[in-house]
Structure formats: C-alpha cells, structure tokens
Amino acid sequence: MTRIPANKFTKGTRSCLQNRHLLRENIRAAKRIIGNTMALQTAVWLEKLTRDFGFSIRGGDLQIVNSNWYVTHTGLLSLARRKRCFGIDVEAIDSLCDSAANRFVLKATVYPSKNSSGFVGYGDADPSNVSFLVHGAEMRVAETRAVNRALRKAYGIGICSVEEIGSFAEPPQSSRESKKLPPQPANGNGNNGGPKVRDRLCQLIRQHQLDPNLIKAYATDFCGVKALRDATREQVETFVMQLADWAEKDRSALLCQLNSYIGQKEGAA
C-alpha cells in the first residue's frame with residue numbers, strides 16, 4: 001500500500017483536518033479507479049493537488065489518464081469560485097479563426113482579483129484535435145480550453161486540464177457499424193427510441209459510470225431538439241450507438257464533453 005508523507009499538512013488547524021479528510025477520500029476514490037496498487041509519484045501528486053487546491057476526485061475535479069493526473073473544467077471553475085475570482089473575459093482571435101473549416105482560436109483572460117492585470121490563456125480547436133462526436137462544436141471546445149489555460153496560470157496549477165488533450169481520430173467505420181442497434185419496432189409513441197434503446201442507454205450509463213443528467217443534456221444537443229422526447233427514433237439510436245463507441249474508445253474525452261453541460265442539467269436520462 002502506498003504511504004503518503006504526513007509532514008506536509010500543518011497540524012492543529014481546521015484546514016489541516018479538512019485536507020486530511022479530503023485526502024483520505026481522494027485516495028479511496030483513486031484506488032477504486034486504478035486499484036489498490038498506486039505508484040508513489042501518483043500518490044504524491046494526488047496529495048499535493050489535494051493540499052494546494054482542494055481538488056476532489058468524487059466531485060469531478062480530477063481525472064487520471066495513463067497514471068497521470070489531469071484537472072477538469074469543473075475543478076478549475078470550482079477553484080475559481082472558492083478563490084472569489086473577479087471575472088473571466090473570452091474573445092475570438094478573428095485572424096486565426098476559419099469558421100468554414102470549423103477552426104477556432106479563443107483568448108481567455110482571468111482576473112483573480114479586482115486590481116489584477118489578468119492572466120491570459122489561448123485555446124484552439126478544429127476537427128483534427130477534437131473527438132469526432134463533437135465535430136461542429138469546435139468553438140465551444142476552444143473556449144473551454146482557453147479558459148482552462150488562463151485559470152491554470154492564474155492559480156499556479158502545473159498539470160494540464162483533461163479538456164486540453166486532443167482526441168484521437170475517428171474510429172474505423174467497421175467498428176461503428178458493428179455497434180449499431182438492431183431495428184426496433186414502432187412502440188406507438190414514435191419519438192423516444194423504444195424501451196430497448198432506453199435500456200441500452202441505461203446500461204451504458206451504469207457500465208461507464210456516467211452522469212445521467214449530463215447524458216440527457218448532451219443527447220438533447222446531439223439530436224438538435226429542445227427536449228429529448230422530440231427526437232426521432234433514428235436520432236436516439238444514432239446517439240446511443242456513438243455514445244457506446246466513445247465510452248469504449250475514449251472515455252476521458254467523453255467525460256470532457258459531458259462536463260461542458262454542467263449547469264444545463266435537467267432530469268435523469
């Protein structure tokens with residue numbers, strides 16, 4: 001079992017007790033994800049991120065990919081709120097954007113305090129460095145990446161955010177075709193994909209430990225409707241098929257996409 005150095009927390013303070021409790025919680029959560037055997041360096045970084053920034057794994061602030069810790073957009077915004085960030089400005093760099101090619105570069109400036117001159121971060125996105133499932137949403141991805149970089153500079157966070165990781169190219173067509181759901185008979189309602197599709201979606205949510213509220217928000221956006229009940233059967237089937245693909249091949253990128261819908265939660269999927 002990996003041991004965490006105990007001398008880094010100042011004794012006798014309320015903050016010390018809170019940090020120790022959060023660290024124990026984070027270690028338990030990390031072991032559930034990567035198993036009981038955790039590399040010493042991985043554990044040391046977790047202790048530092050917990051002590052310095054109060055990040056919580058269970059709260060969605062941190063993710064681990066290939067034994068490396070990454071902060072999330074959720075974690076950065078939560079930190080900014082705790083630190084009473086004065087404001088964040090975002091603007092497009094028109095000279096570097098090409099809307100026809102879905103290529104965008106955005107600039108974010110974070111003001112930690114009223115008198116701060118600001119910390120600047122840039123984020124870019126185009127079809128080559130985002131998941132194929134978010135093609136068409138490159139501007140939003142670029143904005144998230146820009147804000148993340150600016151926040152990391154403002155608060156001295158030395159690890160990359162998971163949203164800044166470029167996704168791999170679209171999986172082969174044969175792989176996607178193999179996951180297509182069999183045709184479902186009409187169920188009388190004609191617009192919700194049928195019980196079997198819903199069952200498959202619920203199975204995916206449980207299997208990959210996804211947030212059903214964020215899944216619903218994403219599905220609504222994916223299908224281009226105001227409410228999921230307005231989506232056609234084919235739209236829902238396509239969404240479930242691609243969700244299964246993404247969850248299996250690039251779960252971290254999927255979580256990044258879902259995090260972008262925090263604040264838009266409605267009911268459970």
Check your understanding: Do you know which two heavy atoms are closest between A142 and D124, and how far apart they sit?
Key -> CB-C, 4.1 Å
Review point. Yes or no on side-chain contact (heavy atoms from CB on, under 4.5 Å) for I205 and K216, after CA distance, side-chain angles and deciding distance?
Key: CA-CA 11 Å; I205 290 172; K216 182 176 182 180; over 6 Å; no
Exercise for review: Report the C-alpha distance between I27 and T50 in whole Å, list the side-chain angles of each, state the deciding distance to 0.1 Å, and finish with yes or no for side-chain contact (heavy atoms from CB on, under 4.5 Å).
Suggested key: CA-CA 10 Å; I27 291 175; T50 303; over 6 Å; no
Check your understanding: How about K107 and L96: do any of their side-chain heavy atoms sit closer than 4.5 Å?
Key -> no
Exercise for review: Give, for atom CD of E248 and atom CD of Q207, the distance between the pair rounded to the nearest 0.5 Å.
Suggested key: 8.0 Å
Exercise for review: Compare all side-chain heavy atoms of R149 with those of R145 and state whether any distance is below 4.5 angstrom.
Suggested key: no
Check your understanding: Tell me, do F239 and L201 make a side-chain contact under 4.5 Å, heavy atoms counted?
Key -> yes
Check your understanding: Side chain of R200, backbone of V240: donor and acceptor closer than 3.5 Å?
Key -> no
Revision key, fill the gap. A108 and A150 have their tightest heavy-atom pair at O-CB, 3.6 Å
Point to revise | Pairs touching residues 64-88 that satisfy salt bridge (Lys or Arg N to Asp or Glu O under 4.0 Å), sequence neighbours left out | key: none
Practice item. Indicate if V90 and I93 have the same hydrophobic cluster label, given that clusters are the connected sets of ILVMFWY residues with side-chain heavy-atom separations under 4.5 angstrom. Key: no
Review point. If you look at every heavy atom in T72 and G60, which pair is closest and at what distance?
Key: OG1-O, 2.5 Å
Point to revise | L62 side, atom CG; F53 side, atom CZ - distance, nearest 0.5 Å | key: 10.0 Å
**Study point:** Main-chain N/O of T144 paired to E163 side chain as donor or acceptor, under 3.5 Å
**Key:** no
Check your understanding: Of the non-hydrogen atoms in A154 and V110, which two are nearest, and what is the gap between them?
Key -> CB-CG1, 3.8 Å
Practice item. Tell me, with the steps shown, if Y111 and D89 meet side-chain contact (heavy atoms from CB on, under 4.5 Å). Key: CA-CA 8 Å; Y111 300 93; D89 287 337; 3.5 Å; yes
Check your understanding: Got a sec: does the CD of Q209 have more than 12 other heavy atoms crowding it under 6.0 Å?
Key -> no
Review point. Do P127 and E138 touch side chain to side chain, with heavy atoms closer than 4.5 Å?
Key: yes
Practice item. Flag the pair M139 / E143 as yes when at least one side-chain heavy-atom distance between them is below 4.5 Å, and no otherwise. Key: no
Point to revise | N/O donor-acceptor pair under 3.5 Å between D126 side chain and D98 backbone | key: no
Check your understanding: If two hydrophobic side chains count as joined below 4.5 Å and joins carry through other members, does M38 share a cluster with F55?
Key -> yes
Check your understanding: Charged N to carboxylate O under 4.0 angstrom, E237 versus R233?
Key -> no
Point to revise | same_hphob_cluster(I57, L22) at 4.5 Å side-chain heavy-atom cutoff | key: no
Check your understanding: Side chains of L76 and R152: does their closest heavy-atom pair fall under 4.5 Å?
Key -> yes
**Study point:** In one Ile/Leu/Val/Met/Phe/Trp/Tyr side-chain cluster, 4.5 Å: L49, I33
**Key:** yes
Exercise for review: Decide yes or no for I159 and Y70: does some side-chain heavy atom of the first lie under 4.5 Å from some side-chain heavy atom of the second?
Suggested key: no
Study note, to complete from the structure: Value for CG (D61) from CG (N259), rounded to nearest 0.5 Å, stands at 9.5 Å
Point to revise | Straight-line distance of L210 CG to L255 CG, nearest 0.5 Å | key: 6.5 Å
Exercise for review: Quick one: do V71 and L79 satisfy side-chain contact (heavy atoms from CB on, under 4.5 Å)? Show the steps, please.
Suggested key: CA-CA 11 Å; V71 66; L79 177 64; over 6 Å; no
Study note, to complete from the structure: Heavy atoms of A247 and R251 approach each other most closely as O-CB, 3.5 Å
Review point. What is the distance from atom CD of E47 to atom CG of L40, rounded to the nearest 0.5 Å?
Key: 10.5 Å
Review point. In Å and rounded to the nearest 0.5 Å, what is the OG1 to CG distance from T42 to N68?
Key: 7.0 Å
Exercise for review: List the atom of T220, the atom of V225, and the distance in Å for their closest heavy-atom pair.
Suggested key: CG2-O, 2.8 Å
Exercise for review: Answer yes or no: is there a side-chain heavy-atom contact under 4.5 Å between I165 and V162?
Suggested key: yes
Review point. Is L151 linked to V120 within one hydrophobic cluster, defined over Ile, Leu, Val, Met, Phe, Trp and Tyr using a side-chain heavy-atom separation of less than 4.5 Å?
Key: no
